[in-house]
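These numbers were taken from a predicted model, which means no experiment stands behind them.
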Amino acid sequence: MKKLLVTLVVLAASVCAVQAQQTLVTYTPDGVKTYDTVEPPSEVLDTTRFVVSYRMLYQQRPENEHPMEDLLLLEVGRNMTKFYSYKTWQTDSLVRATPPEQVMANLGSFHGGVQDVLFRDQSAGRLTHTDQIGMDHLLYTEPLPDCGWELADGERTILGYVCRRAACTFRGRSYEAWYAPEIAVSCGPWKFGGLPGLILAIRDDAGVLDLEATGVEQRVEPIRMTDRNYLKTNRKKYLDLKQKAMTDPVGYLTGNSNVRMTIKNEDGSPVNPGDLLRGYNPIELE
């Protein structure tokens, strides 16, 4: 991919220094990412009993030779779980510890993972999904999804736990999962849950999404949700926005934010925004 020179003019009043807080705005071909130089406030929702780490391989871009790789954490409390990218959390923490001018001068060193954070409230029967699209932080809630599992024959050992097999078709994709009855919690990574044991591995038959646990650690710490001025939406509208932002990041940004952009090749010649259209494999197809 050619190197692109991007001039980004942000007109939004929120992107500036306010007291000790500053928001840094960067652009990549995947869209805009903002970084808070001061950790935003958060609310404690529960306390962890244990934390599960998962390696994620996600063929997010069909044109890419290799899938996106990320490390995600599932914090499991008594009533609540939280699923998020450790790489994104780590990058955000590093940005807050680095002078803004150094961040802007070394953007290649500050790449996180996925922005999604999912909260599963078992007692309320509700799932909350937050994400950042462009400069907006979005939130929607839905009833805990019913994956329609079918238990199947087969055993596999993962991290020393004997796991059993289950299969489902969920929102347009077919999945095979391995769950550990020994860990008697009915949850798992992303939106998956509802089996008689913790899901330690799951993948779809098209090879788009592959999640497998790399560690299970007993830990007692707060499960937090960041306080933000979330734009509340619903799942369908969110999926439509995500599709637009991922396939046409420039069009989404200039059409949905108070931003002007100029994009040029390294030699100074202009770039047609249509040349930046990209493929996208959403996890949910319906």
In Å, rounded to the nearest 0.5 Å, how long is the span from [atom1] of [X] to [atom2] of [Y]?
X: R78; Y: Q122; atom1: CZ; atom2: CD; result: 14.0 Å
X: Y54; Y: L211; atom1: OH; atom2: CG; result: 8.0 Å
X: L200; Y: R164; atom1: CG; atom2: CZ; result: 13.5 Å
X: T81; Y: R49; atom1: OG1; atom2: CZ; result: 11.5 Å
X: D136; Y: Y230; atom1: CG; atom2: OH; result: 13.0 Å
X: Y58; Y: I283; atom1: OH; atom2: CD1; result: 4.5 Å

Test item: [X] and [Y] side chains (from C-beta on) under 4.5 Å apart, heavy atoms:
X: Y86; Y: S53; result: no
X: L72; Y: V114; result: yes
X: L118; Y: D116; result: yes
X: L73; Y: E217; result: no
X: R173; Y: L209; result: no
X: E43; Y: D227; result: yes
X: E75; Y: E221; result: yes
X: L198; Y: C187; result: yes

May I ask whether I199 and V162 are part of the same hydrophobic cluster, defined by side-chain heavy atoms of I, L, V, M, F, W, Y residues being less than 4.5 angstrom apart, directly or through others?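 Each belongs to a different hydrophobic cluster.
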Using the test ring pair (Phe, Tyr, Trp, His ring centres under 6.0 Å), find all partners of W149 that sit at least two apart in sequence or belong to another chain.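 Scan of W149 (ring pair (Phe, Tyr, Trp, His ring centres under 6.0 Å), adjacent residues dropped) gives none.
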Taking ring pair (Phe, Tyr, Trp, His ring centres under 6.0 Å) as the definition, give me every residue that meets it alongside H129, ordered by chain and number, with sequence neighbours left out.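 H129: ring pair (Phe, Tyr, Trp, His ring centres under 6.0 Å) contacts with Y140, Y238.
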Can a salt bridge be assigned to the pair [X] and [Y] using a cut-off of 4.0 Å between side-chain N and carboxylate O?
X: E212; Y: R156; answer: yes
X: E176; Y: R165; answer: yes
X: K236; Y: D240; answer: yes
X: R55; Y: D210; answer: yes

Heavy-atom count check: over 12 atoms from other residues, nucleotides or ligands less than 6.0 Å from Q218 CD?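 No, CD of Q218 has 12 or fewer neighbouring heavy atoms, counting only those of other groups under 6.0 Å.
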Ignoring hydrogens and angles, tell me if any N or O in the side chain of [X] forms a donor-acceptor pair with the backbone of [Y] under 3.5 Å.
X: N79; Y: S123; value: no
X: R61; Y: G279; value: yes
X: K242; Y: I133; value: no
X: T247; Y: R278; value: no
X: K87; Y: E69; value: yes
X: D146; Y: G148; value: yes
X: S85; Y: T88; value: yes
X: S186; Y: G194; value: yes
X: D121; Y: R126; value: no
X: D46; Y: G77; value: no

Which heavy atom of [X] sits nearest to which heavy atom of [Y], and what is that distance?
X: P189; Y: L74; answer: N-CD2, 4.4 Å
X: C147; Y: F170; answer: CA-CD1, 4.0 Å
X: A180; Y: Y161; answer: CB-CB, 4.0 Å

Donor-acceptor pair between T169 and S174 side chains, under 3.5 angstrom: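 Per modelled atom types, T169 and S174 side chains form a pair under 3.5 Å.
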